[in-house]
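Everything below concerns the one structure shown next.
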Amino acid sequence: MREAASWAAGAHALSSRWMPVLRPKLRALDIVVIQDERHGRALMLRDTEGIAPSAIVVPAASSAVLARFDGRRTIDEIARDVARSTGQPVDGAHVSQLADELERAWMLDSPRFHARRRSVVRSFDAAPIRMAAHAGGAYHGDRRRLADFIERQCLQVARPQGGAARAASRGAPKRMVGLCAPHMDLWRAAAGYGHAYAALEQALAVPGLEQVDTFVLLGTSHAAMRRPYAVCEKTFATPLGPLEPDRAMIAELAAGSRFDVREDQYLHKNEHSIEFQAVFVRHLLGDRAASIVPILCGLSECQARRRDPAQDDGAESFLRALGDALAKRAGRVLVIAGADLAHVGPRFGDPAPLDERQRSALRDRDLASIERATSIDAPGFFVDVAQDLATRRVCGLGPIYTLLRALPPSSRGEMLHYEQCVDPEEGSIVSHTSLGFYG
């Protein structure tokens, strides 16, 4: 929040090259409700595409103006419309100033924004390495401190007594084929990551799993995608060392899909859902050689229209290509989904925090979805989550559905952990689960 720029701060004369915004159109942004020192209740506008260098904060009272930044109305028409709907006078100069500040911050859909986007995308496409965008923020950027945090705060709280090696030697070993882990920042979801990756650590100690040399990393795209899936064919940097892409597998996905799987590759640049999984995989592997296939799962129109991706030619072609690639590498690939569940409370637009009864009801709803997942019921999981997607706001629908479709039919799932992370200041909740899949 400290990096966010206030729309009212830093106002200055526009340069001679500045084109006034005549019909402002707000981009597709992540908007959350916050408490701001200057404005009190405010809206934070975040660019999940990563074109804008920082978030911007506007007073919550400006929400009626923002709602009319649709590209169809002039500044004066917006002012009159808001005044009619609220019963309060609205100065056109105020609307114009807000539009200008948003334009300066790259938050409006305008020719200036599109020129910058083309430049940033070209730069990312040309780079051989996908840098660790969230190192030093959502987790330690220092190698030793990060490794120590993962060991002490994550893995040790979830490891079986005696460690992975002893657990693997007791009884019939379980052969892991898939995993679901949170994608929240490491500080808040340490226990969830610990249960997920302690299970993977244990599984990698099972005889035969030393053959696993590829990890398919499925993540949520928090920015709007044009295509159902986006593959990134770049080396992923982490403070613990790099992870190389499996270019042969990516080529097979590209050849088997009815759309360009690299068209939305740029959205990997700032996306955290896969980056966090890469950090844990690199830690567990140590010096062991392995490659990754990073895939953002937006499901585009399927998710927007609540339609099973099996009915979409593009999404289904990718899922079949993924299934074929996994079958070709049986025993050598493990699929990991970075996925959270519900997002509820004032931060996400709800009127109030959940009380204890509502939190219990949320847990029941989440567990119903989890039961669909552990039953390897991909269509049932999609329908279950889609029915209240607008209110429960499960952001892990795409990666979990894709994981379920990728698993062998004989797989079985197991819930390892469930948690509701509650914001200590205003009570909003993000829930997540850790799931292991075995076959």
Side-chain angles (χ1 to χ4, degrees), residues 1 3-34 36 39 42-83 85 90-126 133 221-227 230 260 263-271 296 298 300-301 304 349:
M1 296 179 188
E3 296 179 356
S6 168
W7 76 271
H12 54 79
L14 301 181
S15 72
S16 59
R17 293 179 298 169
W18 190 267
M19 295 295 293
V21 181
L22 302 179
R23 296 178 184 270
K25 181 179 181 181
L26 195 66
R27 294 173 47 215
L29 302 169
D30 182 29
I31 302 178
V32 296
V33 181
I34 64 167
D36 180 67
H39 302 298
L43 304 177
M44 177 182 282
L45 282 60
R46 299 184 298 195
D47 177 13
T48 48
E49 266 198 275
I51 306 298
S54 62
I56 187 169
V57 173
V58 303
S62 297
S63 60
V65 176
L66 289 179
R68 290 162 174 81
F69 279 11
D70 54 14
R72 298 194 302 268
R73 298 174 244 214
T74 67
I75 296 294
D76 288 341
E77 287 170 342
I78 292 170
R80 290 195 298 269
D81 195 17
V82 173
S85 66
V90 177
D91 187 356
H94 165 77
V95 177
S96 180
Q97 182 186 10
L98 177 57
D100 288 340
E101 287 292 331
L102 292 175
E103 175 72 345
R104 270 197 291 272
W106 313 102
M107 298 295 183
L108 294 185
D109 187 341
S110 68
R112 178 174 175 267
F113 159 72
H114 286 287
R116 176 178 171 86
R117 187 185 190 280
R118 286 192 295 270
S119 174
V120 175
V121 170
R122 280 196 302 266
S123 207
F124 180 74
D125 286 344
S221 175
H222 289 84
M225 292 174 59
R226 290 170 291 183
R227 299 298 187 179
D260 181 358
E263 181 175 340
D264 289 324
Q265 177 179 240
Y266 167 74
L267 298 181
H268 282 265
K269 180 177 182 287
N270 278 8
E271 180 53 60
L296 287 179
S300 56
E301 288 299 307

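We count residues from 1, following the sequence as given.
Contact record, N270 with G50: ND2-CA, 3.3 Å, taken as the closest heavy-atom pair. Here the shortest heavy-atom pairing between S96 and I75 reads N-CG2, 3.8 Å. The shortest non-hydrogen separation linking P24 to A99 is CB-CB, 4.1 Å. The two residues V82 and A64 come nearest to each other via the heavy atoms CG2-O, 3.7 Å. What you find for A224 and L267 is that their closest heavy atoms are O-CD1, 3.5 Å.
In terms of modelled atom types and a separation under 3.5 Å, the side chain of E103 and the main chain of D100 share no donor-acceptor contact. Distance alone, capped at 3.5 Å, places no donor-acceptor pair between the R73 side chain and the F69 backbone. At distances below 3.5 Å, at least one donor-acceptor pair connects side-chain atoms of H268 with backbone N or O atoms of A230. The closest donor-acceptor contact from the side chain of R116 to the backbone of I51 lies under 3.5 Å. Judged purely by atom type and a 3.5 angstrom limit, D30 has no side-chain atom pairing as donor or acceptor with the backbone of T48. With Y266 contributing its side chain and E49 its backbone, the two residues share a donor-acceptor pair below 3.5 Å. Within the 3.5 Å criterion, the main-chain N or O of D109 finds no donor-acceptor partner in the side chain of R27. Looking only at distances, no side-chain donor or acceptor of E263 sits under 3.5 Å from a matching main-chain atom of R226.
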Inset, instruction - Start with the C-alpha distance between R23 and S110, add both sets of side-chain angles, then the distance that settles side-chain hydrogen bond (donor to acceptor under 3.5 Å, both in side chains), and finish with yes or no. - result: CA-CA 10 Å; R23 296 178 184 270; S110 68; over 6 Å; no
Inset, instruction - Could you give me the CA-CA distance, side-chain angles and deciding distance for R117 and W106, then say whether side chain to side chain contact (heavy atoms under 4.5 Å, CB included) is met? - result: CA-CA 9 Å; R117 187 185 190 280; W106 313 102; over 6 Å; no
Inset, instruction - Evaluate side chain to side chain contact (heavy atoms under 4.5 Å, CB included) for L45 paired with L102, printing each intermediate quantity in order. - result: CA-CA 10 Å; L45 282 60; L102 292 175; 4.0 Å; yes
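In this structure, CD in Q265 is found 15.0 Å from CZ in R227, a value given to the nearest 0.5 Å. Interatomic distance, CZ of R46 versus CG of L29, reported as 10.5 Å (0.5 Å rounding). Between the CD1 atom of I31 and the CG atom of L26 there is a distance of 5.5 Å, given to the nearest 0.5 Å. In this structure, S54 OG and M44 CE are separated by 9.5 Å, a value rounded to the nearest 0.5 Å. Once rounded to the nearest 0.5 Å, the distance linking OG of S63 with CZ of R68 reads 9.0 Å. Taking CD1 of I78 as the start and CZ of R72 as the end, the distance is 10.5 Å to the nearest 0.5 Å.
No side-chain heavy atom of I34 sits under 4.5 Å from any side-chain heavy atom of L43. Annotation: side chain of D264 is not in contact with side chain of L296 (no heavy-atom distance under 4.5 Å).
Judged purely by distance below 3.5 Å, without hydrogens or angles, the side chains of T74 and R80 never pair a donor atom with an acceptor atom.
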